[in-house]
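These notes are about the structure you will find just below.
Being a predicted model, the structure only gives us computed values, none of them experimental. By convention in this document, chain letters (A, B, ...) are assigned in the order of the sequence lines, proteins followed by strands, and residues within each chain are numbered from 1. Just the heavy atoms: all of them, side chains too, but no hydrogens, waters or symmetry mates, feed the values below.
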There are 2 protein chains.
Amino acid sequence: MKKRPEITAQTRQNLIDSFWLLYCEKRIENITVKEITQKAGYNRGTFYEYFTDIYDVLEQLEASLIPSLDELPQFTIQNQTMGMPLDMLMKLYEKNSKYYSVLLGDNGDPGFASKLKTSIKPILKQELIQYNDLDPIEFDFILEYILSAMIGIMSYWFRNDKKLPAEDLIRLIQDIMTNGVTNRLLK
Amino acid sequence: MKKRPEITAQTRQNLIDSFWLLYCEKRIENITVKEITQKAGYNRGTFYEYFTDIYDVLEQLEASLIPSLDELPQFTIQNQTMGMPLDMLMKLYEKNSKYYSVLLGDNGDPGFASKLKTSIKPILKQELIQYNDLDPIEFDFILEYILSAMIGIMSYWFRNDKKLPAEDLIRLIQDIMTNGVTNRLLK
DNA sequence: TTTCATTATACAACAAGTTGTTTGATTATA
DNA sequence: TATAATCAAACAACTTGTTGTATAATGAAA
């Protein structure tokens, strides 16, 4: 198998691309193998040479979008001051916005947000753990809080065509994170 | 049709219940009408007397889980001090935890979180708008931030069998919201 | 270089299962 | 007894995953 990588890689990618076009339009459960292969110009059977089923396409695609530890921008308190994972997430999002805004949106995959959090948590943890003596459990909750908020607000930002200038958004989040949301809300 | 509401309401509920048992086990697209009606002890045709298709069941179920404006606990700055929507969401979640933890979980429906946010936002907005002079757009971002964080951390809490005592969780969130997350993280 | 067997790639056709609908028959209740 | 509620059976249309087959690129032998 796979003795002609240029060809199979191309076919694979064509199928993924067609899948993505459909995924942007409708829920995954309404996508058929027939549609994908027709759009890509292949026989339906060919699909099964590359994927076990439609969910396999999504999984493979998602896997390629989850940053591995070493390719994530290195994160230290020094270079990030307070920014926390803000920059990291921002860059990640920017780089893959085409996919992220859909996967993290209303018709996306709730599992993807989890995968993303899971991949980022260890990095933050490792760096932050030395600066506090929090109960590990409580620490996890705080991380979950931060990442949920960030992913939520970033998705909102992309969804709404970046109505707010990027600088304003960053300033806003940083302010909320350092001074609390209450102060900002109650003047 | 529907001249004997007691009976039809019961049937409807039985079908929804069976659907829910299956939904807790597997992805919605692998659920068949046959399975639902078999589990509930009805003929397959009966299903179509009540729902147009399987997604219709989920939609109807979700609709019953989204609080309407008037049934939401009234929220005022006075009685909530800083708590913001915390108590509100907490009670809502507690009341429907059986469904919320699944719908908001990894295999849930990403659209449900949106629906929930959309239903809560106006209430917060209405009450909070008078206490600040924020730019409306920025205001929306802050709301999105808060609700994403809250829903995220609450889901995490339920998913992990409430490892943290409820009081601790509430105190934690309130602290983060009033004093910022940074302070808590960096001792 | 040319030939030819190998095999990677893609295809067409298949059985099995689901969907949503329809028709007409059973219950049971009011 | 009239009819609401459910059931049984059958339907065409569609999707799925698999199997066996054709095409064409590859590389070793002549």
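C:dT9 atom C1' lies 7 Å from atom CD of A:Glu49, rounded to whole Å. Between the CD atom of A:Gln38 and the P atom of C:dA10 there is a distance of 17 Å, given to the nearest Å. Spacing between atom CZ of B:Arg12 and atom C1' of D:dT6 amounts to 18 Å, rounded to whole angstrom units. Regarding B:Asn43, its CG atom lies at a distance of 13 Å from the P atom of D:dA10, rounded to whole Å. Whole-Å rounding puts the A:Asp56 CG to D:dG17 P distance at 11 Å. What separates CD of A:Gln10 from C1' of C:dA8 is a distance of 16 Å, to the nearest Å. Taking atom OH on A:Tyr42 and atom P on C:dA8, their separation rounds to 18 Å, with Å as the unit.
Taking only side-chain atoms of A:Tyr50, from C-beta outward, the nucleotide of C:dC11, C:dT9, D:dT6 with the closest atom is C:dT9.
Residue B:Thr46 places at least one side-chain N or O closer than 4.0 Å to OP1 or OP2 of D:dC7. Remark: A:Thr11 is in phosphate contact with C:dA10, judged by side-chain N or O atoms under 4.0 Å from OP1 or OP2.
Under the 4.5 Å side-chain heavy-atom criterion for grouping Ile, Leu, Val, Met, Phe, Trp and Tyr, A:Leu21 is not connected to A:Val102 through any hydrophobic cluster.
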**Report entry** Per-nucleotide protein contact string for nucleotides 18-27 of chain C, where B marks a base within reach and S marks sugar-phosphate only (heavy atoms under 4.0 Å, - for neither)
**Finding:** SBBB------

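For A:Tyr156, the ring-ring contact (aromatic ring centres under 6.0 Å, His included) criterion is met by B:Phe141, not counting sequence neighbours. The side chain to side chain contact (heavy atoms under 4.5 Å, CB included) search around B:Thr46 returns B:Thr11, B:Tyr42, B:Asn43, B:Tyr50, not counting sequence neighbours.
Aromatic rings of A:Phe158 and A:Tyr93 (six-membered ring for Trp) have centroids within the 6.0 Å cut-off, being under it.
With a 6.0 Å radius and a threshold of 12 heavy atoms from other residues, nucleotides or ligands, A:Lys26 has its NZ atom above the threshold.
Ring orientation note: the planes of B:Phe51 and B:Phe47 are tilted relative to one another, at an angle of 30° to 60°.
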